[in-house]
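Report on the following structure.
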Amino acid sequence: MFLYICRRIVYTVPIALAVAVVCFSLVHLAPGDPLSAVIPADAPAEVVERIVKAYGMDRPLPVQFFSWLGRAIQGDLGVSVATGRPVAAEISRALGSTFILAFAAALLGFLFGILFGTIAAFLQGRWSDRLVTGIALFGVSVPHYWLGLLLVIIFSVQLDWLPSLGAGSGSFMDRFPYLILPAVTMSFIPMGIVTRTVRSTVSELLGSEFVTSLRARGLSNVSIAKHVAKNAAPSVLAVMGLQFGYLLGGSILVETVFSWPGTGYLLNGAIFQRDIPLLQGIILTLSMFFVALNLFVDVLQTLFDPRIRRS
Amino acid sequence: MANIVEVRDLSVTFKTSEGLVYAVSGVNLDLAEGKTLALIGESGSGKSVTMKSLMRLHPPHKTAIAGQITVAGQDVLSLGGKALGDLRGKEIAMVFQEPMLAFDPVFTVGDQIAEVVVRHEGCSYQAGRDRALEMMECVQIPSPRKRLDAYPHEMSGGMRQRAMIALALSCRPKVLLADEPTTALDATVQIQVLLLLRQLQRDLGMSMIFVTHDVGVAIEVADETAVMYAGRIIEQGPVDTVMTNPWHPYTQGLLGATVYPDMDREARLVAIPGAPPQLYRQITECAFAPRCPHAVEECLQPLPPPMVMGDRMARCVRLPEVAQLAENAVTTPS
Ligand SMILES: Nc1ncnc2c1ncn2[C@@H]1O[C@H](COP(=O)(O)OP(=O)(O)OP(=O)(O)O)[C@@H](O)[C@H]1O
Ligand SMILES: [Mg+2]
């Protein structure tokens, strides 16, 4: 078990390295000169040369990559071109907001997803199953920025119940109302996907021979549910981990719609201002979270299914 | 002698997307205490459906069950959820065909046995574990203490089936249902598991219903036999008389299709031509008629009630003659 975890961690290193390469080269692959935002169009040649040198862009790419990576590992992601503040500080401020939003959305989405999926699996083919499956389908297919706008129109503009912009300030209770609409908006996709996964996993398990065998042993429905839950856990966890990763990284549109001061909002700004160090820093940080999350889910899965440990 | 299992006029119908499936029709069974009944028949004849009905294991909303089933004095088809749970595993237990599929893959074997013991005897988990160990010894699993903490996938096929038997017997059921318990195993292991089951059945004084394709196995383990075809029992009686002197042409064919080591080459090749019928309609005539070498016009009329003679029963329109024909064939040296 311990050995398996160590091995898994070692496997993660090349993946993380590859992700770093992609993050770094993204900037160089993108059209346009990465420094065009800093250098005025009419700057004299020697000024341009000085700036290029200052940013280290005159060196060969591999050298640039390793010096960038070395500093990134120490937590130095450079300085934002737009604000002049350290990128690491900008990101860590935004990361808190993104985490709160992602946690809230995940909590809502996973809770309802598991609930709906279980109901649908147990009542397969009946109207409650159809209703729940319909909601799940709606959840995964509706564009969530559109859903966000719709919720804002209903609950902020028409009913005036909830604020529509920003994250608020002050105590948790003061800030809570600001969280509701973006969290609900973001929870729809994970809710739909988790519902579908739970429904298909649980209904397959319920039809399997071993559940018949559990019934033949006289076990109560509660005990059988315990068996089914432990069997369903690995695949449901895998999907939830992936969804949580998407919530962390994929909230650009929703954060922008709600002006939520998280990494997505920051990323959006960085893209428009061509703020390369900030852009690289955000993408690298989010990707690393994603890699770590995957590792965490993999290890968690082995706690539920002994067969994974062996292979 | 009291019957521990009584089935009267059991019919099981499944709702499927292609329509109703008449899987079992009008089955009657009696099992005396301490006896073994072999249920034999081709694939799809309704053996497993009959067995699952005895424990009411079919998916409730897709299945219609009619008739009466009594197990250990209880009317199985009218029991409520809790009482049904008390019966299953305690009074009547099942050994499944494929032990790999019948164990929960993510719990250890020891835990699964202990769980059942705790459920039915209300004892502590530790007492359940102790019983599990005792049962693993009882079914002759080597180094049983170590195997308690093994997961099903960590065992060999034969050992897994022994563990399944240990689980089924852990609460000392009065009736054991064994649905082709050896089909999924290697030939040598098959015999060991078979002998183990027979031994345990005798030692514990259990009653057993044993499903098999194999006439030789039926003769080995059973006292009584019932032969199924297309959802009906077409012949029933003491295993030795039925097997030496089959009345129904289907049973005769089944015996012909069985390979005995001392049979000569010609005789081995006798198999029943054709295939069993589809079960999408209620078959009221003799379902075997299309494949029967003795079929005549009147075989397509609705089947007459079973012909009972002494301790034997068979359902064939041409009964006395056909049985006689077979007997002559056996006694006439060819
Ligand atoms: N849940 C179900 N839904 C629909 N049809 C079913 C169901 N279970 C069994 N059947 C059908 O009932 C018939 C009898 O099946 P059963 O499993 O009892 O056969 P069997 O005699 O046990 O055969 P085998 O030797 O292959 O195990 C088959 O035609 C099968 O397709
Ligand atoms: Mg079967």
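We name chains A, B, ... by the order of the sequence lines, and we start the count at 1 in each one.
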Any side-chain heavy-atom pair from [X] and [Y] closer than 4.5 angstrom?
X      : Y      : answer
A:H227 : B:F107 : yes
B:Q112 : A:R217 : yes
B:V106 : A:P306 : yes

Under 4.5 Å from any heavy atom of chain A - which part of [X]:
X      : answer
B:L167 : side chain
B:D104 : both
B:M164 : side chain

Is the number of heavy atoms from other residues, nucleotides or ligands within 6.0 Å of [atom1] ([X]) greater than 12?
X      : atom1 : answer
B:E137 : CD    : yes
A:F112 : CZ    : no
A:F103 : CZ    : no

Most heavy-atom pairs under 4.5 Å with chain A, out of B:P105, B:G89, B:G81, B:P173, belong to B:P105

Are there residues of residues 113-125 of chain B that reach to under 4.5 Å of chain A by heavy atoms, and which ones?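 Near chain A, by residue number: B:E115, B:V116, B:R119, B:H120.
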
Interface residues of residues 44-65 of chain B facing chain A - non-hydrogen atoms under 4.5 Å apart: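 The stretch touches chain A at B:K52, B:M55, B:L57, B:H61.
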
Answer with side chain, backbone, both or neither: which region of A:T212 has an atom nearer than 4.5 Å to a non-hydrogen atom of chain B?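 The answer is both parts of A:T212.
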
Closest non-hydrogen atom pair between A:F210 and B:F103, with its separation: CB-O, 3.6 Å

If you take all heavy atoms of A:S213 and B:A102, which pair is closest and at what distance? OG-O, 2.7 Å

